[in-house]
Every structure is written in C-alpha cells, then in structure tokens.
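A short worksheet on the structure shown next.
Start at 1 with the first residue, then count along the sequence. Since we're looking at a predicted model, the values are computed, not measured.
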Amino acid sequence: MSRGSFLSAARALGWRNVHNWLTNPALIVPSILFPMFFFTAFAGGLSRVSSIPGFEYGANYTTWVYGFVLLQASTFGGIFTGFSVARDFESGFARRLMLGATHRSGLLGGYWISALVRSATTVVVVTVVALIAGLQVKARGIDLVGLYTLALLMNTFAMLFGTGVAMRLRTMQAGPLIQTPAFLLLFLAPVWLPYDLLTGWVKAAAAVNPVTLVMESVRGFLAGDPTKVLPAFLVVVLLISVSLLWAYGGLRSAERAA
C-alpha cells in the first residue's frame, strides 16, 4: 500500500464529494445558511450585551459573535462531511469504493479534503458578510495564521469524529449521533457572554468544555490580544489524536462489514 495509492484514493474521493456538494443546492445551501443565520440573528439582536458591566473585549460585539460563527462553520463543515459518509454507505457507493481502493486509509484523506472545502467556502461567505456588517479584525500576520489554523484543526476533529460514527453505523439515521456532540461542545462554551459573566450550570459546563479554550483563543486573535494560545492548540491536537483513532476504528468496522 504505497503513498501514491493513498493520495490517489484521497484525491479521487475528495474531488467526487466536492463536486457533488458544489453542484447540489440541497447540500450547499444549508451548510452556508446555518452559520449565516446565527451570525445575522445574534450579531445585531444581542449587540447591547456588550454594554453589560464586566463585558470587556477589545473589539465590537459583531467580532465577538464572528469568533463563535467561525468555529461553528469550521466544525459543521466536518460534521456535514460525516453525513456524506453515511449517505455513501447507505447508497452502497462506499462499499464498492472500499473494494476498489488499494489504500483504504486514503478514504479518510478524501473525506478530509471535502470537509476543508466545505468549511473554507462557508467561512469565506460568512467573513465577507461580517466585514460588511462591521467586523473588526485587529489580528495581524501571525495572529491571522493562528486564528484560521485553529478553525482548520476544529474542522479536522469534527470530520474524523463524524466519519468514525458514520462508518460504524453506515446509515443516515446516524445523523443525530454525529451532530449532537458538536452542538453540545459549541453551545456549552461561552457563546454570547464571556466566561466570567456566566452563572450556574452553564458556567460549570463551560469550565470543563475543551472548546472554551479554543473559543477564547480565537476571540483573542481577532481582537489582536492573543490569549491561551498554547493550551488551545494542545486541546485541539488532543481532540484530533483521539478522533483519529476513532475514525480508524470506524474504518476497520466498515472493512469487516464489507
């Protein structure tokens, strides 16, 4: 199983999924409208939250919300790819692909390529709208690299997790099991308020939620005041490491079923 066969399988599957996504409005529209809804609804509707005593942030509330929507778009680009994996197995295409692929690990690479394209497209659209709406990006140079690298890594983590679930269950009925953990991780972080202003069980949940560190770091990059950078990257790398093992386990399960 050579490196060439791995890349060949990854490129072929990646191109197929990207082409299907870009040419199917039923797939591309929801993945773009979902984060757009949250941005437009809350950037304006909750803008007065920034006047609450104790809300201290180095940019406007539009930027604050954009930090969340950036992670959401990146994460759900990976999650929606998990739906594509489940659809491929339900239709029988993935089983035929596994029989023909010399290096089946290349399938994970192909799905990763499509996940990156999905999230990158959505992030570009959301960013353009956010800039029109008054997004303040104070990040410069290396801060921008760190900002979008964190988003890319979250996309990778979500894709691996979703793929692992889809390859084990091999049906679209796995959708809730793919999507719900991502919802919980994102929405149990400090979404609309800083961590210090949270109370009760929400604050307790945010305290143990690994995405809290990532979200705070992303917002720090946006405000030109990097914070908790090393812990955020360590957390994401750990999540990717665990989800990679999970995805490979799902691949082995699919191989046995095929």
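S114 contributes a side-chain N or O that, together with a main-chain N or O of Y111, makes up a donor-acceptor pair within less than 3.5 Å. At least one donor-acceptor pair under 3.5 Å links the side chain of T212 to the backbone N or O of A206. In this structure, T149 contributes its side chain and V145 its backbone to a donor-acceptor pair below 3.5 Å.
A heavy-atom distance below 4.5 Å is not found between the side chains of S31 and F76. Taking the side chain as every heavy atom from C-beta outward, L153 and L239 never approach each other to under 4.5 Å. Considering only heavy atoms from C-beta on, W246 stays 4.5 Å or farther from T163 through its side chain. Between F37 and I32, every side-chain heavy-atom pair lies at or beyond the 4.5 Å cut-off. Between V235 and P231, every side-chain heavy-atom pair lies at or beyond the 4.5 Å cut-off. For the pair T81 and W21, the minimum side-chain heavy-atom distance is 4.5 Å or more.
Remark: F83 pairs with F80 by the ring-ring contact (aromatic ring centres under 6.0 Å, His included) rule, at least two apart or across chains. With sequence neighbours left out, T171 forms a side chain to side chain donor-acceptor pair (under 3.5 Å) with E90. Residues passing the ring-ring contact (aromatic ring centres under 6.0 Å, His included) test with Y248: none are found, sequence neighbours excluded.
L238 belongs to a hydrophobic cluster whose other members, connected by ILVMFWY side-chain contacts under 4.5 Å either directly or through intermediates, are V242. Members clustered with W15: none, using a 4.5 Å side-chain heavy-atom cutoff among hydrophobic residues.
Listed by first then second residue, pairs satisfying salt bridge (charged side-chain N to carboxylate O under 4.0 Å, His left out) with a partner in residues 153-178 number zero, not counting sequence neighbours. Screening residues 181-195 for side-chain hydrogen bond (donor to acceptor under 3.5 Å, both in side chains), with sequence neighbours left out, gives no hits. The list of salt bridge (charged side-chain N to carboxylate O under 4.0 Å, His left out) pairs with a residue in residues 14-39, not counting sequence neighbours, reads R16-D88.
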Exercise for review: Run the numbers on T63 and Y57 for side chain to side chain donor-acceptor pair (under 3.5 Å), then give the verdict.
Suggested key: CA-CA 9 Å; T63 308; Y57 185 56; 5.7 Å; no
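The CG atom of L71 sits 5.0 Å away from the CE atom of M215 when rounded to the nearest 0.5 Å. To the nearest 0.5 Å, atoms CG (L197) and NZ (K203) are separated by 8.5 Å. Distance check, rounded to the nearest 0.5 Å: CG of L22 to CG of N17 gives 10.5 Å.
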Pairs of donor and acceptor atoms involving the side chains of residues 172-181, under 3.5 Å and at least two apart or interchain, shall be tabulated with distances.
| residue | atom | partner | partner atom | Å |
| --- | --- | --- | --- | --- |
| T180 | OG1 | P176 | O | 2.7 |

Side-chain donor-acceptor distances from residues 128-143 under 3.5 Å, at least two apart:
| residue | atom | partner | partner atom | Å |
| --- | --- | --- | --- | --- |
| Q136 | OE1 | N60 | N | 3.0 |
| K138 | NZ | G58 | O | 2.5 |
| R140 | NH1 | V137 | O | 3.1 |

Distance-only check: which donor-acceptor pairs under 3.5 Å involve side-chain atoms of residues 154-161, not counting sequence neighbours?
| residue | atom | partner | partner atom | Å |
| --- | --- | --- | --- | --- |
| N155 | ND2 | S74 | O | 2.9 |
| N155 | ND2 | A115 | O | 3.2 |
| N155 | ND2 | S119 | OG | 3.3 |
| T156 | OG1 | W112 | NE1 | 2.9 |
| T156 | OG1 | L152 | O | 3.1 |

Under 3.5 Å, side-chain donor or acceptor atoms of residues 216-225 against the rest of the protein: list the pairs with distances, not counting sequence neighbours.
| residue | atom | partner | partner atom | Å |
| --- | --- | --- | --- | --- |
| E216 | OE1 | K228 | NZ | 2.6 |
| S217 | OG | T227 | O | 3.4 |
| R219 | NE | W64 | O | 3.0 |
| R219 | NH1 | P190 | O | 2.5 |
| R219 | NH2 | W64 | O | 3.3 |
| R219 | NH2 | V191 | O | 2.7 |

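Under the 4.5 Å side-chain contact rule for hydrophobic residues, I113 and L244 do not share a cluster.
With ring centers used as reference points, F39 lies 6.0 Å or more from F34.
Between F38 and F187, the ring planes lie tilted relative to each other; the angle falls in the 30° to 60° range.
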